[in-house]
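Atom set for the values below is all heavy atoms of this structure, side chains included, hydrogens, waters and symmetry mates excluded. The structure presented is a predicted model; accordingly, all values stated were derived computationally and were not measured.
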Amino acid sequence: MMFNMLCMDLRRLFKTRSFYIILSVTAVLLIMVTVMVYAIADPETMDAMEEQGAEITESDRMMSEYIQNMSQLDLMHETLGSGFLLVITGIGMTLFVNGDFSNGFIKNICCIMPRRRDYVLSKIALAGIYSGIITVISVLLMLVSPVLLHMYPAPDSISQILQYVLWMWLPHWAFALMALALVLLTRNTTLGIILSLVAGSGLTVALVSALGRFLRWPPLEQVFLAAVVKGLYTPESGITPMRIILACTIVWAAVYGIGSLLAMEKRDI
């Protein structure tokens, strides 16, 4: 039953306008970022801007040199590790799952109580596929778009890039489950979209970090998914310890998955 529901969800997903809007927004924003990075990294562009009266400081020159020395993974993570994909994934899942309530799909599928668990499990699998599509497409864009602009970052091995995709995908899957749990609990898109923007952008991490320092708490902000994604890759050490990513992903996925199941069992559809 769960597999059949997942197949139905995938068919509906690929026919949903919001899915292609999300992909288009992701592509356009990443290309725009790449163009901006190219403009900063190109010494001739910097000189032309200075000749036209723009104020170019020493820090701008240093930033340009830093970008020129980036590898593919450096450039990729500077863009994707900001939490941008968390926001996109959370909003996308919120819009798609909320459609089940607005169009009556869930009443047709879950009219019998035992099927509610299958429904939630199929949505957990769908969240993994959805976040995986967003992650893979974003990585491919960040590999191709610099080349189209004649930017050639130092290449990384295929194994390193695949490893990065895997460890980037897992926390985004867990974040998508947060949106799933919120939609099943609130039955509207507002809270899911707001929390995706706030949590994905790192605001909750900053607030918890500030509060923790004031109250002398342990560094709880490190287990937030936005912090995990941001600290996923550094040029010096490569991928951060995998145990941290796995632990955070499994814990948050369990919290959101169980929350979704309880929301379905305890509330009428």
Side-chain angles (χ1 to χ4, degrees), residues 1-3 5-6 9-10 13 22 80-81 83-98 100 106 110 115-136 138-139 162-187 189 191-202 204-205 208 219-233 239-267:
M1 183 63 184
M2 187 202 83
F3 179 75
M5 286 186 181
L6 178 59
D9 278 335
L10 289 174
L13 177 66
I22 288 290
L80 306 183
F84 162 71
L85 291 188
L86 291 174
V87 174
I88 290 293
T89 303
I91 292 177
M93 278 299 296
T94 297
L95 294 174
F96 181 76
V97 179
N98 186 70
D100 291 355
I106 193 171
C110 301
R115 292 186 177 182
R116 297 188 179 194
R117 184 181 63 179
D118 292 331
Y119 172 85
V120 172
L121 292 176
S122 70
K123 284 296 187 290
I124 290 174
L126 177 69
I129 296 172
Y130 193 101
S131 57
I133 292 173
I134 296 291
T135 304
V136 169
S138 299
V139 168
L162 291 177
Q163 185 183 21
Y164 178 79
V165 172
L166 171 64
W167 297 113
M168 186 64 117
W169 165 60
L170 289 175
H172 285 81
W173 185 359
F175 195 87
L177 294 178
M178 177 190 68
L180 169 61
L182 286 173
V183 172
L184 293 179
L185 181 64
T186 63
R187 312 294 168 85
T189 61
L191 185 58
I193 291 175
I194 291 175
L195 195 58
S196 294
L197 289 169
V198 172
S201 63
T204 52
V205 173
V208 171
L220 300 176
E221 69 278 0
Q222 293 181 2
V223 301
F224 280 65
L225 294 172
V228 172
V229 168
K230 188 172 183 178
L232 180 65
Y233 174 82
I239 304 296
T240 54
M242 300 173 186
R243 288 177 296 178
I244 297 176
I245 302 172
L246 281 175
C248 292
T249 302
I250 291 171
V251 168
W252 284 113
V255 169
Y256 300 143
I258 293 171
S260 299
L261 287 169
L262 291 176
M264 288 292 292
E265 294 292 337
K266 300 299 182 182
R267 293 189 60 185

J.: Might you work through the side-chain contact (heavy atoms from CB on, under 4.5 Å) test for Val183 and Thr189, ending with a clear yes or no?
T.: CA-CA 7 Å; Val183 172; Thr189 61; 5.9 Å; no
J.: Tell me, please, which residues at least two apart from Tyr256 pass ring pair (Phe, Tyr, Trp, His ring centres under 6.0 Å).
T.: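 Result, ring pair (Phe, Tyr, Trp, His ring centres under 6.0 Å) vs Tyr256: Trp252.
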J.: Taking all atoms of both residues into account, what is the closest heavy-atom pair of Gly90 and Ala179, and its distance?
T.: O-CB, 3.5 Å
J.: Determine, step by step, whether Thr94 and Leu182 satisfy the side-chain contact (heavy atoms from CB on, under 4.5 Å) criterion, reporting the C-alpha distance in whole Å, the side-chain angles of both residues, the deciding distance to 0.1 Å, and the verdict.
T.: CA-CA 8 Å; Thr94 297; Leu182 286 173; over 6 Å; no
J.: For the CD1 atom of Ile22 and the CG atom of Leu95, what is their distance to the nearest 0.5 Å?
T.: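 The CG atom of Leu95 is 6.0 Å from CD1 of Ile22, to the nearest 0.5 Å.
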J.: From Phe175 CZ over to Ile88 CD1, what is the distance, rounded to the nearest 0.5 angstrom?
T.: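 Result: 11.0 Å between the selected atoms.
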J.: Could you pull out the closest heavy-atom pair between Gly200 and Leu86, with the gap in Å?
T.: CA-CB, 3.9 Å
J.: If you round to the nearest 0.5 Å, how far is OG1 of Thr249 from CG of Leu225?
T.: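 So the gap between those two atoms works out to 6.5 Å.
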J.: Hey, are the side chains of Leu80 and Met168 touching, using non-hydrogen atoms and a 4.5 Å cut-off?
T.: yes
J.: Atom CD1 in Ile124, atom CD1 in Ile129: separation rounded to 0.5 Å?
T.: 12.5 Å
J.: Do you know which two heavy atoms are closest between Val228 and Cys248, and how far apart they sit?
T.: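 That closest heavy-atom pairing would be CG2-SG, 3.6 Å.
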J.: Check Ser201 against Val198 and note the closest heavy-atom contact, atom names and distance.
T.: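 Scanning both residues completely, I find the closest heavy atoms to be OG-O, 3.1 Å.
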J.: Please list, chain by chain and in numerical order, all residues satisfying side-chain contact (heavy atoms from CB on, under 4.5 Å) with Ile250, sequence neighbours excluded.
T.: none
J.: If you take all heavy atoms of Asp9 and Phe96, which pair is closest and at what distance?
T.: O-CZ, 3.6 Å
J.: Mind checking what makes side-chain contact (heavy atoms from CB on, under 4.5 Å) contact with Ala227, not counting sequence neighbours?
T.: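 Once residues adjacent in sequence are excluded, the partners of Ala227 under the side-chain contact (heavy atoms from CB on, under 4.5 Å) criterion are Val205.
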J.: If you measure from OG1 on Thr89 to CD1 on Ile133, what distance do you get to the nearest 0.5 Å?
T.: 10.5 Å
J.: Please check: side-chain N/O of Trp173 versus main-chain N/O of Ala125, any donor-acceptor pairing under 3.5 Å?
T.: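 Between the backbone of Ala125 and the side chain of Trp173 there is no qualifying donor-acceptor contact (under 3.5 Å).
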J.: What's the shortest heavy-atom distance between Lys123 and Met93, and which atoms?
T.: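 Closest approach of Lys123 to Met93, heavy atoms only: O-CE, 4.3 Å.
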J.: Measure from the side-chain N and O atoms of Trp169 to the backbone N and O of Val136, and report whether any donor-acceptor pair falls under 3.5 Å.
T.: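 Not at all, since once roles are kept as given, no pair shorter than 3.5 Å links the two residues.
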J.: Decide yes or no on side-chain contact (heavy atoms from CB on, under 4.5 Å) for Leu180 and Leu177, but give the supporting numbers first.
T.: CA-CA 5 Å; Leu180 169 61; Leu177 294 178; 3.9 Å; yes
J.: For side-chain contact (heavy atoms from CB on, under 4.5 Å), just list the numbers for Leu121 and Leu6, CA-CA rounded to whole Å, side-chain angles, deciding distance to a tenth of an Å, and then say yes or no.
T.: CA-CA 9 Å; Leu121 292 176; Leu6 178 59; over 6 Å; no
J.: Rounded to the nearest 0.5 Å, what separates atom CE in Met178 from atom OG in Ser196?
T.: 4.5 Å
